[in-house]
Amino acid sequence: MNEHDHSDRPARNISADQFEPDLVAEPPHPINWNLLTSHDLEQELLELNRWVNWLRTEYGLPASVIPPLWHRHPELLWELSALHLHWLCAYDPNQDGSAPFGWHRDFLDARQRLRDWVATSGTRLDRDRPTRHTIWPGEEPPADSVEQSITDRDADFVQFVLEQVEARRAAEDAFYASLDERTGEIPS
């Protein structure tokens, strides 16, 4: 018996189709967060969250680069989404072998932009407030942005996703309710 003889192991039901690639998977593509359906919004947020968690732990990134409540700050969401897309493309099996090097070069630039966004947004490791916006002449000032403690990041993310999906679903329902039933067009 040699080291490659596994005749003493119980047989497992494994079929070759378990190793086939998922043929319905879409190629990486840019995400316009403003145009996603409620279902797609939920799926994309969950996927981005998984990747951001991997990225921050794999590279040991501090909260000054990726804070816990990055998802509540659109400027961070868009930047991390773009970085994720770039990573997906760079590590695609059909990509040129030097693509990961390009991603790491661009990741260096992205980390500086992320630091700038985090500093502007006001989110930190243990507390968060909405990003402040400059009020232009004639605009109404926003409600006071209150800083809140972060006690359970994962619970906040789940709540955020539920809120965003529900808001998007309500917008979809309102749109479809506004259509003329006879023509399927928006009445003028």
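All residue numbers in this chain count up from 1 along the given sequence. This one's a predicted model, so the numbers in the text were calculated from it and none came from an experiment.
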- Query: In Å, rounded to the nearest 0.5 Å, how long is the span from CG of Leu55 to OG1 of Thr57?
  - Reply: 8.0 Å
- Message: Would Val165 and Phe160 count as a side chain to side chain contact (heavy atoms under 4.5 Å, CB included) here? Give the steps.
- Response: CA-CA 8 Å; Val165 168; Phe160 172 81; over 6 Å; no
- Task: Return yes if a side-chain donor-acceptor contact under 3.5 Å exists between Glu75 and Thr120, otherwise no.
- Result: no
- Message: Membership question, hydrophobic clusters at under 4.5 Å side-chain separation (ILVMFWY): are Leu85 and Leu48 in the same one?
- Response: no
- Item | same_hphob_cluster(Leu162, Trp70) at 4.5 Å side-chain heavy-atom cutoff | no
- Between CG on residue Leu46 and CG on residue Leu41, distance to nearest 0.5 Å: 9.0 Å
- Considering non-hydrogen atoms only, spot the tightest contact between Ala155 and Asp152 and give its length. N-OD1, 3.1 Å
- Task: Answer yes or no: are there more than 12 heavy-atom neighbours, outside Trp103 itself, under 6.0 Å from its atom CH2?
- Result: yes
- Query: Are Val161 and His71 side-chain neighbours, meaning at least one heavy-atom pair lies under 4.5 Å?
  - Reply: no
- Query: About how many Å separate CD1 of Ile66 and CZ of Arg56, when rounded to the nearest 0.5 Å?
  - Reply: 8.0 Å
- Task: Ignoring hydrogens and angles, tell me if any N or O in the side chain of Glu139 forms a donor-acceptor pair with the backbone of Trp136 under 3.5 Å.
- Result: yes
- Hey, quick one: are Leu77 and Trp51 part of the same hydrophobic cluster, counting side-chain heavy atoms closer than 4.5 Å, chains of contacts allowed? yes
- Query: Is any side-chain heavy atom of Asp126 closer than 4.5 Å to a side-chain heavy atom of Ser149?
  - Reply: no
- Does a side-chain heavy-atom distance below 4.5 Å link Trp117 with Val65? no
- Query: Are any side-chain N or O atoms of Glu147 and backbone N or O atoms of Arg129, one a donor and one an acceptor, separated by less than 3.5 Å?
  - Reply: no
- Message: Before you tell me yes or no, could you show the steps for Arg168 and Thr37 under side chain to side chain contact (heavy atoms under 4.5 Å, CB included), namely the whole-Å CA-CA distance, both residues' side-chain angles and the distance that decides it to 0.1 Å?
- Response: CA-CA 7 Å; Arg168 189 68 52 97; Thr37 64; 5.9 Å; no
- Minimum heavy-atom separation for Trp78 to Ile31, with atom names? CZ3-O, 3.8 Å
- Can you see which heavy atom on Val118 is nearest to which on Ala63, and at what distance? CG1-O, 3.9 Å
- Atom OH of Tyr59 with >12 non-hydrogen neighbours under 6.0 angstrom: yes
- Same apolar cluster (I L V M F W Y, side chains within < 4.5 Å links), Phe101/Leu83: no
- Query: Does the side chain of Thr123 reach to within under 4.5 Å of the side chain of Arg72, using non-hydrogen atoms?
  - Reply: no
- Once you round to the nearest 0.5 Å, how far does OG of Ser81 lie from CG of Leu76? 12.0 Å
- Item | Worked check of salt bridge (charged side-chain N to carboxylate O under 4.0 Å, His left out) between Arg169 and Glu172 | CA-CA 5 Å; Arg169 187 171 292 125; Glu172 291 167 355; 5.4 Å; no
- Are Ile150 and Asp156 side-chain neighbours, meaning at least one heavy-atom pair lies under 4.5 Å? no
- Report the distance from atom CG of Asp106 to atom NE2 of His86, rounding to the nearest 0.5 Å. 3.5 Å
- Task: Measure the CG-CZ distance between Leu61 and Arg115 for me, rounded to the nearest 0.5 Å.
- Result: 8.0 Å
- Message: For a side chain to side chain contact (heavy atoms under 4.5 Å, CB included) check, start with the C-alpha distance between Gln112 and Asp116, then their side-chain angles and the critical distance, and finish with the verdict.
- Response: CA-CA 6 Å; Gln112 184 55 54; Asp116 292 345; 3.1 Å; yes
- Parallel, tilted or perpendicular: ring planes of Tyr91 versus His104, cut at 30 and 60 degrees: perpendicular
- Query: Is Leu125 reachable from Phe157 through a run of hydrophobic residues whose side-chain heavy atoms are each under 4.5 Å from the next?
  - Reply: no
